[in-house]
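Protein chains get the first letters and strands the later ones, always in sequence-line order, with residue 1 at the start of each.
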Number of protein chains: 2
Amino acid sequence: MLPYNIDHVAIAVRDLDAALADLKEQYGTEPLSREVIESQGVEEAMVPVGASYIQVLQPLGPETPVGRFVEKRGEGLHHIAFSVPDIEAAIEHLESTGVRLIDHEPRVGGGGNRIAFVHPSAFAGTLVELVELVEEPT
Amino acid sequence: MLPYNIDHVAIAVRDLDAALADLKEQYGTEPLSREVIESQGVEEAMVPVGASYIQVLQPLGPETPVGRFVEKRGEGLHHIAFSVPDIEAAIEHLESTGVRLIDHEPRVGGGGNRIAFVHPSAFAGTLVELVELVEEPT
């Protein structure tokens with residue numbers, strides 16, 4: 001069950017426009033896409049950096065998971081996402097190890113990809129997302 | 001000054017052996033290298049995931065930067081590192097934007113690479129490392 005790659009690293013921010021402007025000024029990067037995902041309570045932008053993305057997340061309100069994260073811990077690194085070839089197989093494997101999962105069934109995330117979150121208790125306090133891409137990497 | 005890639009995502013842990021065992025069990029990944037870096041107060045392992053690495057950091061003691069991070073915030077995501085073609089040019093560019101840098105001159109990091117840290121105040125509370133690799137990516 002080796003992941004293909006680090007699909008993205010997510011950073012929670014208070015102001016998506018300001019964060020994207022900072023990234024552009026500092027690193028010359030620009031978002032490839034931007035969308036509101038009501039089911040996750042975020043507006044997110046995907047900023048390509050080499051073979052991966054920086055995912056910049058702005059909560060839609062304080063009572064969302066990312067909103068609570070920002071209130072409690074401030075802006076900053078939020079989660080890491082691994083692209084996997086078969087998300088059901090990855091979930092099944094992780095279940096077999098006894099770690100705690102947030103999603104036992106894939107759901108639809110940004111870009112229409114199939115995603116599932118693994119609880120931070122599984123690996124060193126780190127929220128991990130599994131992503132099965134709609135389009136396989138070339 | 002576009003970064004080449006996300007060179008690594010660093011995760012601070014209390015127990016490097018346990019964290020590497022968890023990564024292997026959960027994701028089938030194994031470290032490519034492991035070294036003590038006294039100047040940074042860490043033992044670190046580089047675990048390849050696709051085109052990037054997970055860098056697992058164990059502090060050498062509580063009075064190190066990573067030791068203080070773990071005491072204050074617990075284990076978890078610590079910083080993100082961008083590989084850049086020319087680290088002096090990258091530092092000079094960032095200085096020109098007025099953001100706060102931790103290192104104004106490159107120093108030697110893991111694997112003999114040249115590195116510099118940018119203060120988390122520059123971008124959304126996120127500690128960013130610049131890395132000029134000893135060997136250019138192929």
Side-chain angles (χ1 to χ4, degrees), chain A residues 1-16 18-20 22-30 48-54 56-58 70 73-84 90 93-94 96-99 118 120-128 130 137, chain B residues 1-16 18-20 22-30 48-54 56-58 70 73-84 90 93-94 96-99 118 120-128 130 137:
Chain A
M1 212 284 290
L2 272 171
Y4 281 136
N5 201 14
I6 296 175
D7 180 74
H8 64 263
V9 180
I11 296 174
V13 304
R14 296 183 199 277
D15 182 335
L16 183 54
L20 293 175
D22 285 345
L23 275 183
K24 183 172 181 188
E25 184 182 30
Q26 294 173 33
Y27 300 104
T29 54
E30 301 210 55
V49 176
S52 303
Y53 294 90
I54 303 294
V56 189
L57 296 174
Q58 179 186 320
V70 171
R73 310 203 36 150
E75 297 183 306
L77 290 163
H78 184 265
H79 69 267
I80 181 168
F82 296 135
S83 52
V84 296
H93 170 71
L94 286 166
S96 79
T97 70
V99 303
V118 185
S121 62
F123 177 61
T126 304
L127 180 60
V128 172
L130 308 172
Chain B
M1 212 285 289
L2 271 172
Y4 280 136
N5 200 15
I6 297 175
D7 180 73
H8 64 262
V9 180
I11 296 174
V13 304
R14 295 183 199 278
D15 182 334
L16 183 54
L20 293 175
D22 285 345
L23 275 183
K24 183 172 180 187
E25 184 183 29
Q26 294 172 33
Y27 300 104
T29 54
E30 301 210 53
V49 175
S52 304
Y53 294 90
I54 303 294
V56 189
L57 296 174
Q58 179 186 319
V70 171
R73 309 203 37 149
E75 297 184 306
L77 290 163
H78 183 265
H79 69 266
I80 182 168
F82 296 136
S83 51
V84 296
H93 169 72
L94 287 166
S96 79
T97 69
V99 302
V118 185
S121 62
F123 176 62
T126 304
L127 179 61
V128 173
L130 308 171

Open item on the list: Is B/Arg14 in contact with chain A via its backbone, its side chain, both, or neither, using a 4.5 Å heavy-atom distance?
Closed with: neither

- [ ] Apply side chain to side chain contact (heavy atoms under 4.5 Å, CB included) to B/Tyr4 and A/Val49, showing your working.
- [x] CA-CA 7 Å; B/Tyr4 280 136; A/Val49 176; over 6 Å; no

TODO: May I ask you to name which of B/Asp22, B/Ile11, B/Val56 has the most heavy-atom pairs under 4.5 Å with chain A?
DONE: B/Ile11

Task: Leading residue by heavy atom contact count with chain B [cutoff under 4.5 Å; candidates A/Leu23, A/Val128, A/Val13] - done: A/Leu23

- [ ] Could you look at B/Tyr53 and say if it's the side chain, the backbone, both or neither that has a heavy atom under 4.5 Å from chain A?
- [x] backbone

Task: Euclidean distance, A/Ser121 OG relative to B/Glu75 CD, rounded to 0.5 Å - done: 11.0 Å

Task: Winner by heavy-atom pair count (cut-off under 4.5 Å) against chain A, out of B/Val9, B/Ile6, B/Asn5, B/Val99 - done: B/Asn5

- [ ] Keeping the roles fixed (side chain from A/Gln26, backbone from B/Leu94), state whether a donor-acceptor pair exists under 3.5 Å.
- [x] no

Open item on the list: Out of A/Ala124, A/Gly125, A/Gly76, return the one with the most heavy atom pairs under 4.5 angstrom to chain B.
Closed with: A/Ala124

Open item on the list: Under the rule for side-chain hydrogen bond (donor to acceptor under 3.5 Å, both in side chains), what residues qualify as partners of B/His8, not counting sequence neighbours?
Closed with: B/Gln55, B/His79, B/Glu129

Task: Under 4.5 Å from any heavy atom of chain A - which part of B/Leu77 - done: both

Open item on the list: Restricting to ring-ring contact (aromatic ring centres under 6.0 Å, His included), what partner residues turn up for A/Phe123, sequence neighbours left out?
Closed with: none

Open item on the list: Only pairs of heavy atoms separated by less than 4.5 Å count here; which of A/Ala51, A/Ser96, A/Ala12, A/Pro120 has the most with chain B?
Closed with: A/Ala51

TODO: Pick one of side chain, backbone, both or neither for B/Ala18, based on which atoms fall under 4.5 Å of a heavy atom in chain A.
DONE: neither

- [ ] Report yes if the side chains of B/Ile54 and A/Ile80 come closer than 4.5 Å at any heavy-atom pair, otherwise no.
- [x] yes

Task: Point-to-point distance, once rounded to the nearest 0.5 Å, from CD of A/Glu25 to OG1 of B/Thr97 - done: 5.0 Å

Task: Max heavy-atom pair count under 4.5 Å with chain B, selected residue of A/Ser52, A/Gly74, A/Gly50, A/Pro48 - done: A/Gly50

Open item on the list: So A/Val118 and B/Tyr27, do their side chains get closer than 4.5 Å, heavy atoms only?
Closed with: yes

